[in-house]
Amino acid sequence: MRLFGRPRELPAAHAAYAALVAQARSPVFFARHGVPDTLDGRFEMIALHAFLVLHRLRALPEAQRFGQALYDVMFADMDRALREMGTGDLSVGKQVKLMATALAGRIAAYQAGLAGEADLAEALRRNLYGTVAEPAQQDLDILAAYVRRQAAALAARPVEEVAAGILNFAPLPLDSAAAPPEV
């Protein structure tokens, strides 16, 4: 980071955030797989995709500054969105802090799921669907396979590309949890 300036990673972080939000807002998650099309459901999909990008960057010290810039961009956008929805100035900070805590929990749960230390489908059930919907097991299986495909697709990309804000996501989940095409 430069003194009295913007981090040089900021433009790339904005590009990466825009790409992950576009992917997270894909109607297939809501229309075909039952993720609630609510404020919470949309936050959960953004958190899931942010996790995937941060997961790719986690072990690489040279990418940590980019990861922090992406995190900062994400929560600046959450702050802005809350204000646009009419959340009072005194409540915005508390809400953003709750969202940041929620993201940390999601990261831990999804990380454990990808590592095989916990059930990824169960983590998706708890977080994406919450208490508003009871997803079909097939949808959970499809989304768990999707998360694994995305993690593999991002892992196959050079970290410099990801840290430049260039995200190439694997195809969206459709109607089956069939084996993914080669990445």
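Treat the numbers as computed from the prediction; the structure is a model and nothing was measured. Because only heavy atoms are used, hydrogens play no part in the values below, and waters and symmetry mates are left out as well, while side chains stay in.
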- Message: With a 4.5 Å cut-off on side-chain heavy atoms, are E134 and R125 touching?
- Response: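 Heavy-atom side-chain distance check passes, below 4.5 Å.
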- So which heavy atom on F43 is nearest to which on A102, and how close?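 Closest pair (atom of F43, atom of A102, distance): CE2-CB, 4.2 Å.
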- Item | Euclidean distance, Q150 CD relative to L114 CG, rounded to 0.5 Å |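 Going from the CG atom of L114 to the CD atom of Q150 covers 11.0 Å.
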- Among V53, L20, L103, whose side-chain contact (heavy atoms from CB on, under 4.5 Å) with M74 holds?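 That would be L103.
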- Message: Do V35 and E44 make a side-chain contact, defined as non-hydrogen atoms from C-beta onward lying under 4.5 Å apart?
- Response: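 No, every pair of side-chain atoms sits at 4.5 Å or beyond.
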- Report yes or no: do M85 and M45 belong to one cluster of Ile/Leu/Val/Met/Phe/Trp/Tyr joined by side chain heavy-atom distances under 4.5 Å?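 Result: yes, single cluster for both.
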- Pairwise side-chain contact, R58 with F51, heavy-atom cut-off 4.5 Å (strictly under):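 When only atoms from C-beta onward are counted, F51 and R58 do not touch, as no gap falls below 4.5 Å.
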- Message: If you compare all heavy atoms of A19 against all heavy atoms of L167, which two are closest, and at what distance to 0.1 Å?
- Response: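 The answer is CB-CD1, 4.0 Å.
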- Task: Please report the shortest heavy-atom distance between Y129 and D139, naming the atom on each side.
- Result: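 Where Y129 meets D139 most closely, the heavy atoms are OH-CB, 3.9 Å.
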- Working to the nearest 0.5 Å, report the span between CZ of R149 and CG of L172.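 Between R149 CZ and L172 CG, I get 9.0 Å after rounding to 0.5 Å.
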- Item | Any R106 side-chain heavy atom under 4.5 Å of L48 side chain |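 R106 vs L48: side chains apart.
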- Task: To the nearest 0.5 angstrom, please state how far the OG atom of S26 sits from the NE2 atom of H33.
- Result: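 Here the rounded value is 10.5 Å.
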- Check the pair M99 / L82 against side-chain contact (heavy atoms from CB on, under 4.5 Å), numbers first and verdict last. CA-CA 11 Å; M99 291 171 151; L82 286 169; 4.2 Å; yes
- Message: Closer than 3.5 angstrom, by distance alone: can the side chain of R126 be matched with the main-chain N or O of A109 as a donor-acceptor pair?
- Response: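 Between the backbone of A109 and the side chain of R126 there is no qualifying donor-acceptor contact (under 3.5 Å).
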- Item | Minimum-distance pair of heavy atoms, taken over all atoms of L154 and V162 |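 So the minimum-distance heavy-atom pair works out to O-CG2, 4.4 Å.
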- Message: For Y71, give me all partners under ring-ring contact (aromatic ring centres under 6.0 Å, His included), at least two apart in sequence or on another chain.
- Response: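 Per chain and number, Y71 pairs via ring-ring contact (aromatic ring centres under 6.0 Å, His included) with F75.
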- Could you list the residues that satisfy ring-ring contact (aromatic ring centres under 6.0 Å, His included) with Y146, not counting sequence neighbours?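 Testing Y146 for ring-ring contact (aromatic ring centres under 6.0 Å, His included), a comparison that skips the adjacent residues, returns F29, H49.
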- Message: So for atom CZ, which belongs to R25, do other residues, nucleotides or ligands contribute more than 12 heavy atoms lying within a distance under 6.0 Å?
- Response: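 No, CZ of R25 has 12 or fewer neighbouring heavy atoms, counting only those of other groups under 6.0 Å.
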- Query: Any side-chain heavy-atom pair from Y110 and L124 closer than 4.5 angstrom?
  - Reply: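 Answer yes - side chains close enough.
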- Pairwise distance CG(L143) to CZ(R148) - rounded to 0.5 angstrom: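 If we round to the nearest 0.5 Å, L143:CG and R148:CZ are 11.0 Å apart.
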- Grab the two heavy atoms, one from A121 and one from L140, that are nearest each other, plus how far apart they are.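 Taking every non-hydrogen atom into account, O-CD2, 3.6 Å.
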- Identify the two heavy atoms, one from A16 and one from F66, that lie closest to each other, and give their separation to 0.1 Å.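 Looking at all heavy atoms of both residues, the closest pair is CB-CZ, 3.7 Å.
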- Between Q64 (side chain) and L60 (backbone), is there a donor-acceptor pair under 3.5 Å?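 Yes: the side chain of Q64 pairs with the backbone of L60.
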- Message: Please evaluate residues L52 and Q23 with respect to the criterion side-chain contact (heavy atoms from CB on, under 4.5 Å), reporting the C-alpha separation (whole Å), side-chain torsions for both, the decisive distance (0.1 Å), and the verdict.
- Response: CA-CA 12 Å; L52 287 163; Q23 185 81 357; over 6 Å; no
- Message: Could you check whether any side-chain heavy atom of R65 comes within less than 4.5 Å of a side-chain heavy atom of R8, counting everything from C-beta outward?
- Response: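 Touching, per the 4.5 Å side-chain cut-off.
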- Could you walk me through whether E9 and Q68 pass the side-chain contact (heavy atoms from CB on, under 4.5 Å) check? CA-CA 9 Å; E9 297 85 6; Q68 183 62 53; over 6 Å; no
- Can you get from L10 to I166 by hopping between Ile, Leu, Val, Met, Phe, Trp and Tyr side chains that sit under 4.5 Å apart?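 Different hydrophobic clusters.
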- Query: Of all residues at least two apart in sequence or in a different chain, which pass the ring-ring contact (aromatic ring centres under 6.0 Å, His included) check with Y17?
  - Reply: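 Result, ring-ring contact (aromatic ring centres under 6.0 Å, His included) vs Y17: none returned.
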